[in-house]
Engineer: 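Supplied in structure tokens, the structure appears directly below.
All of these numbers come straight from a predicted model, not from anything done at the bench. Protein chains get the first letters and strands the later ones, always in sequence-line order, with residue 1 at the start of each.
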Amino acid sequence: MTPDASLLLHWYDRHRRTLPWRAAPGQQADPYHVWLSEIMLQQTVVQTVIPYYERFLSHFPTVGALAEAPLDEVLQLWAGLGYYARARNLHACAQAVHQLGAFPRTVEDLQKLPGIGAYTSRAIAAIAFNIPTVPVDGNVERITARLNAVEDPLPASRPLLARLASHLNDDPAAQARPSDFAQALFDLGASLCSPRSPSCLTCPWRECCLAKARNMAEALPARQKKKPRPTRHAILFRIINSEGNVLLRSRPPEGLLGGTDELPGTPWSEERFTPSPAQLAETAFTQCAPIQAQWEDCGEVKHIFSHFTLLIRVYGCTLPEKSNYPIDPTHGRFRPLKKAILSSVMKKCLLVGQHHKPVAG
DNA sequence: CAGGCGTGGCT
DNA sequence: TAGCCAAGCCT
């Protein structure tokens with residue numbers, strides 16, 4: 001059965017969240033703002049996105065400005081947000097939209113653009129263009145699974161949930177306010193219909209929710225058990241010259257951390273390798289190191305990616321003034337950190353063992 | 001089409 | 001601590 005959309009919209013009118021990319025009540029949102037925010041919000045929480053969104057908008061006030069910027073400038077602003085393919089696609093999409101002259105206004109045409117899939121195309125269509133469609137993200141999947149008491153685990157149940165969700169706006173009240181209805185679903189999922197401890201007692205849809213009736217809301221949606229996360233190991237070298245610049249190299253443009261800068265070092269291997277002091281000075285070992293040096297052990301960095309854990313041993317050295325070590329360009333070049341594209345994991349590696357703030361007392 | 005692809009906050 | 005998972009897309 002179709003839930004009463006007017007109940008949800010009434011709740012939304014009273015509890016609507018104010019967000020930087022949201023239009024004021026009754027106003028039409030800017031498609032560029034909606035698109036930019038939706039790309040950033042893919043698998044990323046609102047609180048994390050807000051400062052990135054603000055920085056992007058001040059650097060690139062229009063989609064044309066974003067299209068004409070060099071990719072590295074986009075990547076540098078994106079650095080730390082993760083899923084760097086989003087930044088590449090964002091840039092490519094901006095160029096496509098700039099060519100077209102404006103954002104496409106249909107789900108079908110939006111979905112042809114890089115980085116815009118089944119969810120984002122519907123989110124933009126609904127929010128920016130007021131087209132009656134239901135964007136199915138994690139929030140809407142959860143709401144739908146609970147309303148219908150779908151017990152089959154994700155991700156296998158995804159097609160079923162998408163089919164059920166597509167009927168959430170069958171109600172004429174939803175058709176009358178497509179933009180608000182989509183955002184109301186997000187707000188409901190983010191506040192009352194939350195993953196843990198849902199607030200069913202005050203939910204606008206409490207009367208029609210099968211999961212609430214069966215006292216199983218919190219358990220839904222069920223998820224398939226995840227595979228264990230493997231661990232990989234690496235040794236990275238932090239070499240700082242007398243000007244304070246760091247030896248950095250660029251990662252391949254696609255793949256993990258694509259296009260970001262990294263400290264040179266060993267491949268990221270399944271095997272842990274702890275060199276002895278003698279090995280640290282050996283040529284055979286230093287083929288992974290840019291130079292032979294007196295290495296200082298700066299400590300270990302643990303970083304958890306989505307599909308593996310990385311344990312990094314960081315060795316550091318500071319070069320004396322006027323030193324002229326021959327360094328193979330494959331290891332990188334000395335760069336001021338200000339201009340680097342630094343992922344979070346590399347920021348950790350740059351900071352580890354710096355002891356810049358001694359504990360008081 | 002299952003898996004690659006980041007990060008941080010929460011319990 | 002270790003696991004969970006968030007406004008997904010791409011291949």
Engineer: Give DNA chain C the dot-bracket treatment, 5' to 3': Watson-Crick (N1-N3 with N6-O4 or O6-N4) or G-U (N1-O2, O6-N3) under 3.5 Å, [ ] crossing, | other strand.
Structural biologist: .|||||.||||

Engineer: Tell me the salt bridge (Lys or Arg N to Asp or Glu O under 4.0 Å) pairs involving residues 163-188 of chain A, sequence neighbours left out?
Structural biologist: A:D13-A:R177, A:R17-A:D187, A:R22-A:D187, A:R177-A:D180

Engineer: What is the distance, to the nearest angstrom, from the NE2 atom on A:H303 to the C1' atom on B:dT7?
Structural biologist: 6 Å

Engineer: Just N and O in the side chain of A:R196: are any of them under 4.0 Å from OP1 or OP2 of B:dG9?
Structural biologist: no

Engineer: For the side chain of A:T48 and the base of B:dG9, is some donor closer than 3.5 Å to an acceptor across the two?
Structural biologist: no

Engineer: Using a 5.5 Å cut-off between ring centres and planes within 30 degrees, is A:Y119 stacked on the base of C:dA7?
Structural biologist: no

Engineer: Could you list by number each residue of residues 54-87 of chain A showing a heavy-atom separation from DNA chain B of less than 4.0 Å, or answer none if no residue does?
Structural biologist: A:G80, A:L81, A:G82, A:Y83, A:Y84

Engineer: In whole angstrom, give me the gap between the C1' atoms of B:dG8 and C:dT1.
Structural biologist: 16 Å

Engineer: How far does the P atom of C:dA7 sit from the matching atom of B:dG4, given to the nearest Å?
Structural biologist: 23 Å

Engineer: Look at the rings of A:W295 and A:Y315 and say which category their plane angle falls in: under 30° parallel, 30 to 60° tilted, over 60° perpendicular.
Structural biologist: tilted

Engineer: Nearest whole angstrom, please: distance from the C1' of B:dG6 to the CZ of A:R251.
Structural biologist: 12 Å

Engineer: Rounding to an integer number of Å, can you tell me how far A:L310 CG sits from B:dG6 P?
Structural biologist: 13 Å

